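All values reported here derive from a predicted model rather than from experimental measurement.
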Amino acid sequence: METGGVFDSLLSGVCVVFTLGMFSTGLTDLRHMRMTRSVDSVQFLPFLTTEVNNLGWLSYGALKGDGTLIVVNAVGAVLQALYISAYLHYCPRKRAVLLQTATLLGVLLLGYGYFGLLVPDPEARLQQLGLFCSVFTISMYLSPLTDLAKVIQTKSTQCFSFSLTIATLLTSVSWCLYGFRLRDPYIMVPNFPGILTSFIRLWLFWKYPQEQDRNYRLLQT
């Protein structure tokens, strides 16, 4: 096997491992919900948006014929469906959660209808679907920035997950390299915000250590 082929295989494997590692961080929330039989402190929207993101990239991977994208996002979609099902099971107010789910899934179905019926040319469909997935992924990576003001104001990083931050950084870097290797801007570009926001979070973890937050709360009590 040529050197380039070995590198591509390794890079593909790294993308799969790091991305599934990032998706599996939700298992902590799943364990918490099962142990407490509640959804206290667990956020639902990240599960739902990640599910839509996975299904979008799964479609892009299938249209492009990219096995790495297909495997990662198929497994990711199954995991997110598991988290969503658990949340719905333990959530006391199911109406609002079901409404959010129906709304986003409705948008997804409209998207499938648009790309499938109104964009018959496969190349144009691939480009438009890639653009949609890229914009959606960028918005997901930038959404945690809304918590920055809260972190700076409270001098606490308790609303951040350190393991998820590291997983996001590794995943974003690997997909950037993968997109660069394939010369696919739709894969490469949307992962730059993931790298940026991960470094911002790491800086905040350094400035406001969680151990310090815990000691501060003990003193307060």
Side-chain angles (χ1 to χ4, degrees), residues 13-58 71-94 96-98 100-101 104 136-137 139-148 150-151 154-175 191 193-218 221:
V14 166
C15 288
V16 171
V17 170
F18 286 160
T19 308
L20 295 184
M22 182 178 69
F23 290 152
S24 65
T25 56
L27 293 172
T28 302
D29 290 329
L30 180 62
R31 189 182 306 113
H32 173 79
M33 288 187 286
R34 292 188 62 185
M35 290 180 63
T36 63
R37 304 190 68 79
S38 72
V39 295
D40 182 41
S41 77
V42 177
Q43 295 182 340
F44 175 70
L45 198 56
F47 296 150
L48 186 57
T49 53
T50 304
E51 174 77 347
V52 173
N53 193 54
N54 285 149
L55 293 175
W57 282 112
L58 177 60
V71 170
V72 164
N73 289 286
V75 176
V78 171
L79 284 174
Q80 301 308 318
L82 177 63
Y83 303 151
I84 290 171
S85 299
Y87 194 98
L88 284 170
H89 179 70
Y90 295 113
C91 178
R93 299 179 179 179
K94 292 181 172 53
V97 175
L98 288 171
Q100 289 180 335
T101 304
L104 268 183
F136 197 86
T137 300
S139 66
M140 283 183 58
Y141 277 138
L142 294 180
S143 60
L145 292 178
T146 56
D147 294 328
L148 290 182
K150 178 181 177 181
V151 170
T154 61
K155 295 181 172 56
S156 171
T157 54
Q158 290 300 311
C159 62
F160 288 160
S161 167
F162 185 78
S163 60
L164 180 58
T165 300
I166 296 297
T168 301
L169 176 61
L170 295 175
T171 301
S172 300
V173 170
S174 61
W175 281 110
N191 284 284
I195 298 174
L196 175 62
T197 56
S198 296
F199 276 120
I200 292 175
R201 285 189 177 200
L202 289 174
W203 178 77
L204 289 171
F205 278 117
W206 171 78
K207 188 172 180 63
Y208 307 119
Q210 291 189 345
E211 185 66 33
Q212 176 180 305
D213 296 339
R214 186 157 50 249
N215 292 337
Y216 176 76
R217 289 198 305 273
L218 289 173
T221 56

- Heavy atoms only: give me the nearest H89-K94 pair and the separation to one decimal. O-NZ, 3.6 Å
- Least distance between heavy atoms, R201 atom then T165 atom: CD-OG1, 3.4 Å
- Task: Give the minimum heavy-atom separation between S198 and L169, together with the two atoms involved.
- Result: OG-N, 3.4 Å
- Message: For Q43, is the CD atom crowded, meaning more than 12 foreign heavy atoms sit under 6.0 Å from it?
- Response: no
- Query: Taking only residues two or more places apart in sequence or in another chain, which ones pass side chain to side chain contact (heavy atoms under 4.5 Å, CB included) with I166?
  - Reply: F162, L170, L202
- Message: Applying side chain to side chain donor-acceptor pair (under 3.5 Å), can you list everything that pairs with S172, at least two apart in sequence or on another chain?
- Response: Y141
- T28: side chain to side chain donor-acceptor pair (under 3.5 Å) partners, not counting sequence neighbours: none
- If you round to the nearest 0.5 Å, how far is CG of L79 from CE of M22? 11.0 Å
- Message: The criterion is side chain to side chain contact (heavy atoms under 4.5 Å, CB included); which residues satisfy it with V42, sequence neighbours excluded?
- Response: D29, H32, M33, F47, Y87
- Task: Begin from the C-alpha positions of N191 and I195 and carry the test side chain to side chain contact (heavy atoms under 4.5 Å, CB included) through to its verdict.
- Result: CA-CA 7 Å; N191 284 284; I195 298 174; 5.6 Å; no
- Looking only at heavy atoms, which two atoms of T168 and G194 are closest? And how far apart? CG2-O, 4.2 Å
- Task: With rounding to the nearest 0.5 Å, note down the distance linking CD1 in I84 to CG in L48.
- Result: 5.0 Å
- Checking side chain to side chain contact (heavy atoms under 4.5 Å, CB included) for the pair F23/V75: CA distance, chi angles, key distance, verdict? CA-CA 9 Å; F23 290 152; V75 176; over 6 Å; no
- Note on the structure: Sorted by chain and number, sequence neighbours left out, side chain to side chain contact (heavy atoms under 4.5 Å, CB included) with S174 holds for V14, C15, F18
- Query: Listed by chain and number, what are the side chain to side chain donor-acceptor pair (under 3.5 Å) partners of S24, not counting sequence neighbours?
  - Reply: none
- Query: Atom CZ in F44, atom OG1 in T49: separation rounded to 0.5 Å?
  - Reply: 9.5 Å
- residues 73-86 vs side-chain hydrogen bond (donor to acceptor under 3.5 Å, both in side chains), sequence neighbours excluded, gives N54-N73
- What distance do T50 atom OG1 and M140 atom CE have between them, rounded to the nearest 0.5 Å? 3.5 Å
- Sorted by chain and number, sequence neighbours left out, side chain to side chain donor-acceptor pair (under 3.5 Å) with T137 holds for N53, W57
- Which residues share a side chain to side chain contact (heavy atoms under 4.5 Å, CB included) with W203, sequence neighbours left out: W206, K207
